[in-house]
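Every chain is numbered from 1, with letters handed out A, B, ... down the list of sequences.
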Amino acid sequence: MSTVTTGAPDALPPGWPTTQAEATAVQDELRGRVVLDEPGPVPGEPLIVVGVDVAYDDERDAVAAAAVALDATTLDVVEQATAVGRVAFPYVPGLLAFREIPTVLAALDRLGVTPGLVVCDGYGLAHPRRFGLAAHLGVLTGLPTIGVAKNPFTFRYAPPGPRRGDTSPLLDGDEEVGRALRTQDGVKPVFVSVGHRVSLDHALGHTLRLARDFRLPQSTRAADALCREALRATSG
DNA sequence: GCGACAG
DNA sequence: ATCTTGTCGC
């Protein structure tokens, strides 16, 4: 297993929006490029899964991202990379991607392996304009992506059954935008939605396998720990 | 108008 | 996300 760490902060992608109006316009333009008709990698088959996450120090205007590649069969870490930068956008519900993606892209670029699936901390299709973080990252990278969120955001759901693997629809009105998934007996569900080039069934299958030992996918846990560590290494 | 609101 | 001690449990 190898680790790559950042040197200098990274430039924003060209044309990165500054205002909320610009950001929603970008979402409305890019959402047409999301691919929803591919099943994506099959759960249980050999796969490199990459978890991404971001940590902030708003005081110092600093952000650190981590990308951790796991063997989906063993959940062992294969490779990991981090990137640090400056906060590119304020936190606005519905516009999370503009805050997280620039540094996440930098971390992904430093990874030597090609991800077979990227697991994001947040939502994909389950989004006010159907273009959450995971969908956005998928369109920008072309990689299969899914979103696994810890909270239901603005959506409704009936509690899934009490056992690991039980699910219930995540609803925006009448529309199913994802699924609440119980990953361990008796724990709070996580909220899974499609990002890019992965079906909902496969997204659920991958999430359940990645959450073999804990409520959250191992990819998310590993990326969370690493980006916090990278942030500490930057500031204190 | 008010409250809710991924991370 | 982040601020934060002790505490209950495996």
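Comparing atom distances between the A/Lys150 side chain and each of C/dA1, B/dA6, C/dT2 picks out C/dA1 as nearest. Nearest nucleotide to the side chain of A/Phe153, out of C/dA1, B/dC5, B/dG7: B/dC5. Set against B/dG7, C/dA1, B/dC5, the side chain of A/Asp224 has C/dA1 as its closest nucleotide. When distances run from any side-chain atom of A/Thr154 to the nucleotides B/dG7, B/dC5, C/dT2, the shortest one goes to B/dC5.
Summarising the geometry, the separation between OH on A/Tyr91 and C1' on B/dG7 is reported as 6 Å, rounded to the nearest angstrom. Atom-to-atom, CD1 of A/Ile146 to P of B/dA6 comes out at 19 Å; the value is rounded to the nearest Å. Taking atom OH on A/Tyr123 and atom C1' on B/dA6, their separation rounds to 7 Å, with Å as the unit. Here B/dG7 presents its C1' atom at 15 Å from CZ of A/Phe191, a figure rounded to the nearest Å. In this structure, A/Tyr157 places its OH atom 17 Å from P of B/dA4, rounding to the nearest Å. For the pair A/Phe89 CZ and B/dG7 C1', the computed distance is 14 Å after rounding to whole Å. For the pair A/Asp57 CG and C/dA1 C1', the interatomic distance rounds to 11 Å; values are reported in whole Å. In this structure, A/Leu137 places its CG atom 19 Å from P of B/dA6, rounding to the nearest Å.
Atoms CD and CZ, on A/Gln218 and A/Arg209 in that order, are 15.0 Å from each other to the nearest 0.5 Å. Note that the CG atom of A/Leu111 and the CD atom of A/Glu79 stand 4.5 Å from one another [nearest 0.5 Å]. Summarising the geometry, atom CG belonging to A/Leu200 is positioned 6.0 Å from atom CD belonging to A/Glu176; distances are rounded to the nearest 0.5 Å.
For the ring-ring contact (aromatic ring centres under 6.0 Å, His included) criterion with A/Phe191, the lone passing option out of A/Tyr157, A/Phe153, A/Phe155 is A/Tyr157. A ring-ring contact (aromatic ring centres under 6.0 Å, His included) with A/Phe98 is found for exactly one of A/Phe131, A/Trp16, A/Tyr91, namely A/Trp16.
A/Leu170 comes within 4.0 angstrom of nothing in the nucleic acid, heavy atoms only. Here A/Gly94 lies in heavy-atom contact (under 4.0 Å) with a base. Among the protein residues, A/Asp58 comes within range of no part of the nucleic acid, since none of its heavy atoms lies under 4.0 Å from any strand. A/Ala126 comes within 4.0 angstrom of nothing in the nucleic acid, heavy atoms only.
An OP1 or OP2 oxygen of B/dA6 is reached within less than 4.0 angstrom by no side-chain nitrogen or oxygen of A/Arg99. For the OP1/OP2 pair of B/dC5 and a distance below 4.0 Å, the side-chain nitrogens and oxygens of A/Asn151 include no atom meeting the criterion.
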